[in-house]
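First comes the structure, then the notes that go with it.
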Amino acid sequence: MENGNQEIPENANEHCPGPQSKSAGKSDACEGCPNQQICATAPKGPDPDLVAIAERMATVKHKILVLSGKGGVGKSTVSAQLSFALASKDYQVGLLDIDICGPSIPKMLGLEGQDIHQSNLGWSPIYVDSNLGVMSIGFMLPHPDEAVIWRGPRKNGLIKQFLKDVHWGEIDYLVVDAPPGTSDEHISIVQFLQATGIDGAVIVTTPQQVSLIDVRKEISFCKKVGIKVLGVVENMSRLKQPVLDLEFERVIIEGKETIVEDVTEWAQKYIIENAPELLPLFACSKVFDSSRGGAAKMCTDMGVPFLGTVPMDPQLGKAAEEGRSCFEDQKCSSSAPALLRIVEQLIASHE
């Protein structure tokens, strides 16, 4: 129920003046209302913290949310490598981790064990490089195994504090790594940032329907709250790695006993000596079922951009575990070019 622009509680009295009214909880119409005490004591008018957030965000040119409908699809890996890639192109970048219950970003950027420092300007991000700063609840936990058992209001309060108190300075991009799903954190980040201008959301999925079903809900969420979908990334589209990175096994069945023998060294030597023409090749295999068209078809059906695919690359997983960029050397030869093409599309959309 609404009164003007005010949301009226469903259990309010018939002639409720509205919870933001100066007479809220005090007028004759409020007598006997179960919300009377709350309305009488609640602060009135616009949230003053939104003004502080707007002032902080005035120095941020572009704000990109990284979302996923389902956990475990590589959203935080994409957030981390997107930030590394933008920084490598000499942009000033901030990475904000609002996955309150599962903060992976400190690990993925090699910042575990770091502490937040405060100055007269506010909270200082932790810097990977001079042009890549990071903020996460992971820096505030006394132990990395500490569970964060918070209800919605407390999570929302921390997100608001991150937005109004972290001093990013003049930066080109703020990448926001959100938790999976469409929960309190998503509603809060949109509510707090919308007035400052959100460029849009990058949504990460894997190819199979069990992930795409939830990603459709994520896209629907973005449309409902007015967030532009910059595009969808299909992560782990297939396993892809250089031939010599493969491991080989021989399975021997003797009666009821199965013996698995590692023959990787023999197989690699055989390829090098007898089939060197195979050395430049990549071995590929579809891990997830994409027979129904995967993310590309879903994007066509829902009218949103498809940014491309990123293969499942063991070297990318290793880079994330070691907290380093996949672009700094040639090890991530399967995934780095795919990620870079996606980053270049995002940059081009802002030029």
Side-chain angles (χ1 to χ4, degrees), residues 72-85 88-89 104 107-110 204-212 231-299 306-346:
V73 299
K75 168 189 56 62
S76 293
T77 299
V78 170
S79 295
Q81 298 303 327
L82 169 60
S83 301
F84 275 130
S88 72
K89 293 179 177 293
S104 304
K107 172 73 173 175
M108 291 186 172
L109 278 88
V204 183
T205 185
T206 45
Q208 77 278 34
Q209 288 298 311
V210 73
S211 177
L212 295 174
V232 175
V233 175
E234 183 181 276
N235 195 25
M236 308 184 208
S237 59
R238 56 181 178 163
L239 177 65
K240 179 180 179 182
Q241 57 189 131
V243 168
L244 286 187
D245 283 358
L246 294 172
E247 295 180 359
F248 297 85
E249 293 179 348
R250 179 185 288 121
V251 178
I252 304 168
I253 300 176
E254 296 181 353
K256 294 183 178 181
E257 187 178 0
T258 301
I259 301 170
V260 179
E261 180 185 357
D262 185 347
V263 294
T264 300
E265 188 176 342
W266 170 84
Q268 290 178 344
K269 183 178 179 182
Y270 184 90
I271 292 170
I272 292 169
E273 293 178 353
N274 299 285
E277 65 274 16
L278 297 180
L279 295 177
L281 302 184
F282 289 87
C284 303
S285 176
K286 289 187 177 180
V287 178
F288 300 111
D289 177 28
S290 58
S291 60
R292 296 176 66 179
K297 184 177 185 304
M298 181 203 66
C299 288
F306 178 57
L307 292 174
T309 64
V310 179
M312 183 182 288
D313 179 1
Q315 290 295 333
L316 176 59
K318 189 174 181 181
E321 285 289 300
E322 295 174 356
R324 58 181 173 82
S325 168
C326 73
F327 308 103
E328 66 184 17
D329 53 36
Q330 301 301 312
K331 293 180 179 178
C332 298
S333 55
S334 299
S335 55
L339 283 164
L340 202 55
R341 285 193 292 271
I342 289 167
V343 171
E344 286 169 351
Q345 288 182 70
L346 290 172

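Rounded to the nearest 0.5 Å, atoms NZ (Lys286) and CZ (Arg238) are 8.5 Å apart. Rounded to the nearest 0.5 angstrom, Leu346 CG and Leu307 CG are separated by 5.5 Å. Going from atom OG1 of Thr77 over to atom CG of Leu339 covers 9.0 Å, rounded to the nearest 0.5 Å. Interatomic distance, CZ of Phe84 versus NZ of Lys89, reported as 15.5 Å (0.5 Å rounding). Met108 contributes atom CE, which lies 13.0 Å from atom CD of Glu322 (distance to the nearest 0.5 angstrom). Remark: Met312 CE to Thr206 OG1 distance equals 8.5 Å, nearest 0.5 Å.
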Practice task
Begin from the C-alpha positions of Lys318 and Glu321 and carry the test side-chain contact (heavy atoms from CB on, under 4.5 Å) through to its verdict.
Solution key: CA-CA 5 Å; Lys318 189 174 181 181; Glu321 285 289 300; 5.5 Å; no
Exercise for the section: Take Ile272 and Leu279 through the side-chain contact (heavy atoms from CB on, under 4.5 Å) test and state the conclusion after the steps. Expected result: CA-CA 7 Å; Ile272 292 169; Leu279 295 177; 4.1 Å; yes
Exercise for the section: Could you please spell out the steps behind the side-chain contact (heavy atoms from CB on, under 4.5 Å) verdict for Ile259 and Val251? Expected result: CA-CA 6 Å; Ile259 301 170; Val251 178; over 6 Å; no
Practice task
Test Ile271 against Trp266 for side-chain contact (heavy atoms from CB on, under 4.5 Å), laying out the working first.
Solution key: CA-CA 9 Å; Ile271 292 170; Trp266 170 84; over 6 Å; no
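We find that Arg250 and Asp262 are not joined by a salt bridge, their nearest charged nitrogen and carboxylate oxygen being 4.0 Å or further apart.
Heavy atoms from other residues, nucleotides or ligands lying under 6.0 Å from CD of Glu265 number 12 at most. Residue Glu261 qualifies as enclosed at atom CD: its count of foreign heavy atoms under 6.0 Å is above 12. The neighbour count for Phe248 CZ, taken as heavy atoms of other residues, nucleotides or ligands under 6.0 Å away, is above 12.
Checking each of Val78, Thr309, Val310, Leu82 against Ile342 for a side chain to side chain contact (heavy atoms under 4.5 Å, CB included) leaves exactly one that passes, namely Val310. Of the residues listed (Leu244, Val243, Val263), the one engaging Gln268 in a side chain to side chain contact (heavy atoms under 4.5 Å, CB included) is Leu244, and it is the only one.
With a 4.5 Å cut-off on side-chain heavy atoms, Gln315 and Asp245 count as touching. Here the side chains of Phe282 and Gln241 are not in contact, with every heavy-atom distance at 4.5 Å or above. Side chains of Arg292 and Gln209 form a contact here, defined as non-hydrogen atoms less than 4.5 Å apart.
Nearest approach of Glu328 to Ser325, heavy atoms of both residues: CG-O, 3.3 Å. Contact record, Pro311 with Ser334: CG-O, 3.3 Å, taken as the closest heavy-atom pair. Annotation for Leu316 and Cys326: closest pair CD1-CB, 3.8 Å, computed over non-hydrogen atoms. Of all heavy-atom pairs spanning Pro207 and Leu212, the tightest one is O-CD1, 3.3 Å. Residues Ser211 and Thr205 come closest through the heavy atom pair OG-OG1, 2.8 Å. Nearest heavy atom pair, residue Arg324 against residue Gln81, reads O-NE2, 3.3 Å.
A donor-acceptor pair under 3.5 Å links the side-chain atoms of Asp313 to the main chain of Ser335, judged by distance alone. Of the possible polar contacts, one joining the Glu234 side chain to the Ala295 backbone as a donor-acceptor pair under 3.5 Å is found.
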